[in-house]
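Positions are given from 1, in the same order as the sequence printed here. Reckoned from all heavy atoms, side chains included, excluding hydrogens, waters and symmetry mates.
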Amino acid sequence: MAAALVSCTQASSGGGPGADVPGTSAEPAAGRARGAESAGDADRVGREAPTGEDTAVPSPEPALVRDAFATLQATLGETCTPGAGDCAYFLGRVTQELTELDASMRADSKGPGHFAKPLADMKALFATLGEDRTEAHLEKHFSAIVGTRDGINTWMQDHPDDYR
């Protein structure tokens with residue numbers, strides 16, 4: 001709207017592109033138009049958002065156990081060779097999938113007690129890994145990472161109601 005007002009003001013004063021008319025004649029009108037738009041927006045927002053309510057966007061909930069398990073299960077056919085330089089993506093992905101599955105199981109309506117074994121396995125793995133997610137560190141714990149993934153897969157196969 002402000003751009004249209006500036007354009008109309010320039011056209012009526014002969015001040016189009018390349019004209020020797022100072023741009024200051026349109027600026028006060030454009031400033032008033034922007035001020036009116038801002039005041040209108042603020043007034044409209046004031047009417048639309050009730051006071052006292054939290055308008056912050058909630059953080060996303062963890063994925064459903066079924067969905068988190070499906071993404072972990074998608075790694076079953078993959079592997080890497082520690083020391084060959086091809087493990088960063090694979091081990092990083094499996095570790096991330098386990099982290100997301102852990103959050104999903106903890107948030108599930110069945111409660112963490114239902115998932116006691118896989119949660120205990122992941123807790124042990126995460127304690128072993130610590131915060132270090134470098135390729136060399138993950139390769140050092142290759143067997144623990146892949147073993148945890150495979151153990152959780154086996155446990156979940158015995159609990160089809162959790163992923164179907």
Side-chain angles (χ1 to χ4, degrees), residues 1-4 6-7 30-31 33-164:
M1 186 169 161
V6 170
S7 178
R34 280 191 299 274
E37 286 176 5
S38 296
D41 289 344
D43 184 47
R44 184 175 60 253
V45 168
R47 285 190 313 264
E48 292 174 358
T51 58
E53 286 188 27
D54 185 14
T55 57
V57 176
S59 59
E61 293 291 321
L64 297 173
V65 170
R66 175 194 71 213
D67 297 339
F69 177 60
T71 59
L72 177 67
Q73 203 173 26
T75 69
L76 288 175
E78 299 176 25
T79 192
C80 68
T81 306
D86 64 346
C87 285
Y89 171 76
F90 170 71
L91 292 175
R93 179 177 174 204
V94 172
T95 303
Q96 181 61 38
E97 300 297 348
L98 288 168
T99 301
E100 291 173 7
L101 182 60
D102 181 87
S104 296
M105 287 178 169
R106 291 183 188 286
D108 191 82
S109 63
K110 292 179 183 178
H114 176 73
F115 301 102
K117 172 75 170 119
L119 286 172
D121 292 347
M122 287 184 280
K123 181 178 180 179
L125 174 66
F126 299 149
T128 299
L129 294 178
E131 297 297 316
D132 189 352
R133 297 294 187 264
T134 61
E135 182 177 10
H137 186 70
L138 294 178
E139 283 183 2
K140 179 179 167 185
H141 299 288
F142 174 88
S143 295
I145 295 168
V146 172
T148 301
R149 176 201 65 184
D150 294 348
I152 290 171
N153 180 61
T154 300
W155 187 91
M156 291 292 287
Q157 296 303 322
D158 290 337
H159 296 82
D161 58 307
D162 290 320
Y163 67 92
R164 288 191 180 152

For [X] and [Y], work out which heavy atoms get closest and say how close.
{"X": "E135", "Y": "D86", "value": "OE2-N, 3.9 Å"}
{"X": "A74", "Y": "R93", "value": "CB-NH2, 3.6 Å"}
{"X": "C87", "Y": "P82", "value": "SG-N, 3.6 Å"}

Interatomic spacing from [atom1] in [X] to [atom2] in [Y] - rounded to 0.5 Å:
{"X": "K140", "Y": "D132", "atom1": "NZ", "atom2": "CG", "value": "8.5 Å"}
{"X": "T148", "Y": "L101", "atom1": "OG1", "atom2": "CG", "value": "11.5 Å"}
{"X": "D121", "Y": "F115", "atom1": "CG", "atom2": "CZ", "value": "13.5 Å"}
{"X": "M122", "Y": "M105", "atom1": "CE", "atom2": "CE", "value": "4.5 Å"}
{"X": "E78", "Y": "Y89", "atom1": "CD", "atom2": "OH", "value": "6.0 Å"}
{"X": "E139", "Y": "T81", "atom1": "CD", "atom2": "OG1", "value": "9.0 Å"}

Review point. L64 and F69: side-chain contact (heavy atoms from CB on, under 4.5 Å), yes or no, with the steps?
Key: CA-CA 8 Å; L64 297 173; F69 177 60; over 6 Å; no
Practice item. Look at the side chain of S104 and the backbone N and O of A63, then say whether any donor-acceptor pair between them is shorter than 3.5 Å. Key: yes
Practice item. Report yes or no: does R149 contribute a side-chain atom to a donor-acceptor pair with the main-chain N or O of T75 at less than 3.5 Å? Key: yes
Review point. What's the verdict on side-chain contact (heavy atoms from CB on, under 4.5 Å) for T79 and V146, showing C-alpha distance, side-chain angles and the deciding distance?
Key: CA-CA 9 Å; T79 192; V146 172; 5.5 Å; no
So [Y] and [X], do their side chains get closer than 4.5 Å, heavy atoms only?
{"X": "Q73", "Y": "N153", "result": "yes"}
{"X": "L138", "Y": "V94", "result": "no"}
{"X": "C80", "Y": "L91", "result": "yes"}
{"X": "V65", "Y": "M156", "result": "yes"}

Review point. What's the verdict on side-chain contact (heavy atoms from CB on, under 4.5 Å) for I145 and L129, showing C-alpha distance, side-chain angles and the deciding distance?
Key: CA-CA 9 Å; I145 295 168; L129 294 178; 4.2 Å; yes
Check your understanding: Going through the checks in order, is the side-chain hydrogen bond (donor to acceptor under 3.5 Å, both in side chains) test met by Y163 and Q157?
Key -> CA-CA 9 Å; Y163 67 92; Q157 296 303 322; 3.0 Å; yes
Practice item. With side-chain contact (heavy atoms from CB on, under 4.5 Å) as the test, would you mind laying out the steps for I152 and L98 before giving the verdict? Key: CA-CA 9 Å; I152 290 171; L98 288 168; 3.7 Å; yes
Review point. Which of parallel (below 30°), tilted (30 to 60°) and perpendicular (above 60°) describes W155 and H159?
Key: parallel
Point to revise | Cationic N near anionic O, under 4.0 Å, D162 to K110 | key: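 Result for this pair is yes, salt bridge flagged.
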